[in-house]
Amino acid sequence: MISEECYELGSKSSIIREIFAFGLQRKAEVGADKVFDFSLGNPSIPAPDSVKQAIIDLMEQPAEEVHAYSPAPGDAKVRKMIADSLNRRFGESFTEKNIFMTCGAAASLNICFKALANPGDEFVTFAPFFPEYRCWVEGVGATLQVVQPHLPDFQIDFEGLEKILSPRTKAVIINTPNNPSGVVYSLDTIQKLTELLKKKSEIYQKPIYLITDEPYREIVYDEIEVPYLTKYYENTLVCYSYSKSLSLPGERIGYIVIPDRLTDYERISPAIAGAARVLGFVCAPSLFQQVVAKCVEDTGDISAYKENRDLLIEGLTKLGYTCVTPQGAFYLFMKALEPDAATFCERAKKYDLLLVPSDDFGCQGYVRIAYCVARETIQNSMTAFEKLMQEYQ
Ligand code: PLP
């Protein structure tokens with residue numbers, strides 16, 4: 001007998017991947033320029049030049065310095081450079097022992113879930129949420145509880161959160177800037193959230209950890225600030241990734257911040273190491289540890305995303321669609337023109353318009369538009385959006 005759970009997960013792909021695969025097939029049939037594929041969150045801007053230069057420079061170094069196994073939590077010098085950068089930018093006082101290098105946010109999150117979870121534990125998150133959270137949380141034997149969004153701003157619904165928190169809550173997961181809504185939690189939201197978690201931790205006489213999933217931290221527009229959570233809540237674990245900020249999703253590199261201030265730090269830190277060990281996520285890719293250390297405060301040129309965002313919002317609003325204005329990431333959440341978002345997306349496919357229904361993100365009636373695409377894709381898609389709108393008039 002094999003694992004039924006793994007069989008189930010592996011034998012069907014995610015809706016996003018299904019739509020993407022459909023897009024590839026349509027592009028082969030009708031030509032790439034005729035298909036408006038907004039399905040996947042693959043960065044469309046190149047990595048900054050500093051990444052290329054860092055790789056070239058590293059190739060001149062002795063092979064054993066760039067391709068060998070690093071210590072399990074990562075190279076100490078790399079971790080120190082990351083800690084120093086966080087201290088400079090966010091007024092923190094981390095050292096290398098607070099940083100654990102990982103294979104991207106997926107690994108960071110899985111390690112944190114595994115390190116914290118015991119049977120019967122609950123992890124709470126907020127719709128709309130990254131669909132993989134469910135299989136990762138369930139994969140460590142815990143349960144995912146979902147709080148519906150506060151509408152129309154997609155900030156936190158605190159009444160809903162208060163109802164869901166319980167003595168079984170091990171951690172709350174947030175993702176800001178958010179995939180799929182593009183919303184950034186305001187300072188007011190963060191303050192209310194952290195106050196509520198402090199209050200509930202006291203009532204339950206146990207810490208509720210806050211896990212913040214931050215692959216989009218650097219991708220924000222209009223100079224909006226993304227509060228750094230460790231400054232507001234001592235029981236915060238930060239899961240960071242360079243997949244989007246440096247446009248390096250295929251290189252699998254990121255880190256976890258494990259602050260000294262965590263309740264039970266002396267046990268959590270080894271538990272993170274143990275979880276990484278059992279999951280096989282030790283010694284993150286050596287070459288890319290060195291690369292990110294050399295580019296520690298760089299990002300790609302995100303102005304292209306902002307231009308795409310503005311173009312899309314202007315075009316869709318003019319056509320009569322209702323959109324949630326994204327303040328970050330490269331996703332736009334748009335109201336479907338009928339209650340069933342999946343049916344709406346099927347109708348959109350007729351015009352080779354590939355949108356992702358919101359159901360898998362935990363809420364109904366919206367679609368996600370990933371605008372990390374070429375400018376022309378957005379410009380040329382407007383006729384298709386117009387035809388789709390006409391169907392509903
Ligand atoms: N969390 C969110 C919200 C994401 O959007 C993604 C990837 O798209 C991940 C985690 C996984 O990121 P990584 O490529 O760093 O594993």
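Hydrogens, waters and symmetry mates play no part in the numbers below; they use all other heavy atoms, side chains included. This is a predicted model, so every value here is computed, not measured.
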* To do: Could you tell me whether the side chains of E195 and Q191 share a donor-acceptor contact shorter than 3.5 Å?
  => no
* To do: Side-chain contact test, heavy atoms from C-beta onward, threshold under 4.5 Å: evaluate it for T343 versus E338 and give yes or no.
  => yes
* To do: Have a look at I45 and tell me which of N308, I219, I302 forms a side chain to side chain contact (heavy atoms under 4.5 Å, CB included) with it.
  => I302
* Decide whether Q290 and D75 meet the rule of one side-chain donor and one side-chain acceptor closer than 3.5 Å. => yes
* Can you check whether F36's main-chain N or O pairs, donor with acceptor, with T377's side chain at less than 3.5 Å? -> no
* Find out whether the Lys NZ or Arg CZ of R261 is both under 6.0 angstrom from the six-membered ring centre of Y232 and within 45° of the ring's axis. => no
* To do: Kindly work out whether a path of hydrophobic side-chain contacts (I/L/V/M/F/W/Y, heavy atoms less than 4.5 Å apart) joins I156 to L197.
  => yes
* Derivation and outcome, salt bridge (charged side-chain N to carboxylate O under 4.0 Å, His left out), residues K199 and E162 -> CA-CA 11 Å; K199 187 179 100 184; E162 206 154 355; 3.3 Å; yes
* To do: Using a strict 4.0 Å threshold on nitrogen-to-oxygen distance, state whether D222 and K306 make a salt bridge.
  => yes
* Quick one: pull up CD1 in I99 and OG in S85 and give me the separation to the nearest 0.5 Å. => 9.5 Å
* Asked: If we only count heavy atoms from C-beta on, is the L337 to R347 side-chain gap below 4.5 Å?
  -> no
* Are L388 and L319 connected, step by step, through hydrophobic side chains (Ile, Leu, Val, Met, Phe, Trp, Tyr) whose heavy atoms are closer than 4.5 Å? -> yes
* Structure fact -> Here the gap from K170 atom NZ to D121 atom CG, rounded to the nearest 0.5 Å, amounts to 4.0 Å
* Asked: Short question: side chain of N178, backbone of N175 - any donor-acceptor pair under 3.5 Å?
  -> yes
* salt bridge (charged side-chain N to carboxylate O under 4.0 Å, His left out) between E307 and R375, intermediate numbers included -> CA-CA 8 Å; E307 283 162 28; R375 183 79 30 84; 2.9 Å; yes
* Note: K244-E214 ion pair, threshold 4.0 Å (strictly below) -> no
* To do: For E96 and A83, indicate whether the former's side chain and the latter's backbone hold a donor-acceptor pair under 3.5 Å.
  => no
* K387 with E391: basic N within carboxylate O range, under 4.0 Å -> no
* Is the count of non-hydrogen atoms from other residues, nucleotides or ligands lying under 6.0 Å from K350 atom NZ greater than 12? -> yes
* Would you please say whether a donor-acceptor pair under 3.5 Å links the side chains of Q53 and D49? => no
* **Spacing of N110 atom CG and C135 atom SG [to the nearest 0.5 Å]** => 7.5 Å
* Donor-acceptor contact present, side-chain K231 to main-chain G91, <3.5 Å -> yes
* Identified side chain to side chain donor-acceptor pair (under 3.5 Å) partner of K192 from the options T194, T189, D188 -> D188
* **Exam field: side chain D301 to backbone P48, donor-acceptor pair closer than 3.5 Å** => no
* To do: Locate the shortest heavy-atom distance separating P249 from R252; write the atom from each residue and the value.
  => O-NH1, 3.0 Å
* Just how far is it from atom OH of Y305 to atom OH of Y371, taken to the nearest 0.5 Å? -> 9.5 Å
* Asked: Would you find a donor on one side and an acceptor on the other, under 3.5 Å apart, between the side chain of R368 and the backbone of S39?
  -> yes
* Asked: So do P152 and V324 actually touch side chain to side chain, heavy atoms under 4.5 Å?
  -> no
* **NZ on K77 to CD1 on I82, rounded to 0.5 Å** => 13.5 Å
* Asked: Hey, is the main chain of F94 close enough, under 3.5 Å, to the side chain of N87 for a donor-acceptor pair?
  -> yes
* Flag if over 12 foreign heavy atoms under 6.0 Å of CZ, F90 -> yes
* Asked: Mind checking whether I258 and L237 have side chains closer than 4.5 Å, heavy atoms only?
  -> yes
* To do: Identify whether the distance between the nearest side-chain nitrogen and carboxylate oxygen of K27 and D33 falls below 4.0 Å.
  => no
* Please check if V282 and L279 belong to a single hydrophobic cluster, counting links between Ile, Leu, Val, Met, Phe, Trp and Tyr side chain heavy atoms closer than 4.5 Å. => no
* Asked: Is R26 paired with D352 through a side-chain N to carboxylate O contact shorter than 4.0 Å?
  -> yes
* So, do Y392 and F344 have ring centers that fall under 6.0 Å from each other? -> yes
* In terms of side-chain geometry, is the basic nitrogen of K12 or E18 positioned less than 4.0 Å from the acidic oxygen of its partner? -> no
* Asked: Thinking salt bridges, do K97 and D260 make one under a 4.0 Å N-O criterion?
  -> yes
* Asked: Is it true that V35 and I378 fall in one hydrophobic cluster, defined by side-chain heavy atoms closer than 4.5 Å?
  -> no
* Does the K206 side chain pair with the main chain of P167, one donor and one acceptor, at a distance under 3.5 Å? -> yes
* Establish whether L354 and V373 are linked, either directly or via other cluster members, by ILVMFWY side-chain heavy-atom contacts under 4.5 Å. => no
* Asked: Does the pair F100 and Y255 meet the rule for a ring pair (Phe, Tyr, Trp, His ring centres under 6.0 Å), with working shown?
  -> CA-CA 5 Å; F100 194 102; Y255 61 81; over 10 Å; no
* To do: Could you please spell out the steps behind the side chain to side chain donor-acceptor pair (under 3.5 Å) verdict for D310 and Y221?
  => CA-CA 10 Å; D310 293 347; Y221 313 116; over 6 Å; no
* Asked: Between the side chains of S108 and T102, is a donor N or O closer than 3.5 angstrom to an acceptor N or O?
  -> yes
* Asked: Would you call E218-R89 a salt bridge at under 4.0 Å N-O?
  -> yes
* Pair S358, Q364: side-chain N/O donor-acceptor within cut-off below 3.5 Å -> no
* **Side-chain heavy-atom pair N42, F20 within 4.5 angstrom cut-off** => no
* To do: Sort out for me which residue in F126, Y366, F129, Y331 forms a ring pair (Phe, Tyr, Trp, His ring centres under 6.0 Å) with F154.
  => Y366
* For Q393, look at atom CD and say whether over 12 heavy atoms of other residues, nucleotides or ligands are found less than 6.0 Å away. => yes
* Within 45° of the six-membered ring axis of F22 and under 6.0 Å from that ring's centre, is NZ or CZ of K349 located there? -> yes
* Looking only at atom types and distance, does a side-chain atom of Q205 sit under 3.5 Å from a main-chain N or O of E202, one as donor and one as acceptor? -> yes
* Please say which of Y240, Y185, Y242, F330 ends up in a ring pair (Phe, Tyr, Trp, His ring centres under 6.0 Å) with Y216. => F330
* More than 12 heavy atoms of other groups within 6.0 Å of E159 CD -> no
* Asked: Can you check whether L58 reaches L287 side chain to side chain, under 4.5 Å on heavy atoms?
  -> yes
* **Residues D298 and S50: side-chain donor-acceptor under 3.5 angstrom** => yes
* Asked: Is E297 salt-bridged to R88, cutoff N-O under 4.0 Å?
  -> yes
* Structure fact -> d(K52 NZ, C295 SG) to nearest 0.5 Å is 13.5 Å
* To do: Answer whether the closest heavy-atom distance between the side chains of V291 and L246 falls below 4.5 Å.
  => no
* **Test item: S201 side-chain N/O and I208 main-chain N/O as donor-acceptor pair under 3.5 Å** => yes
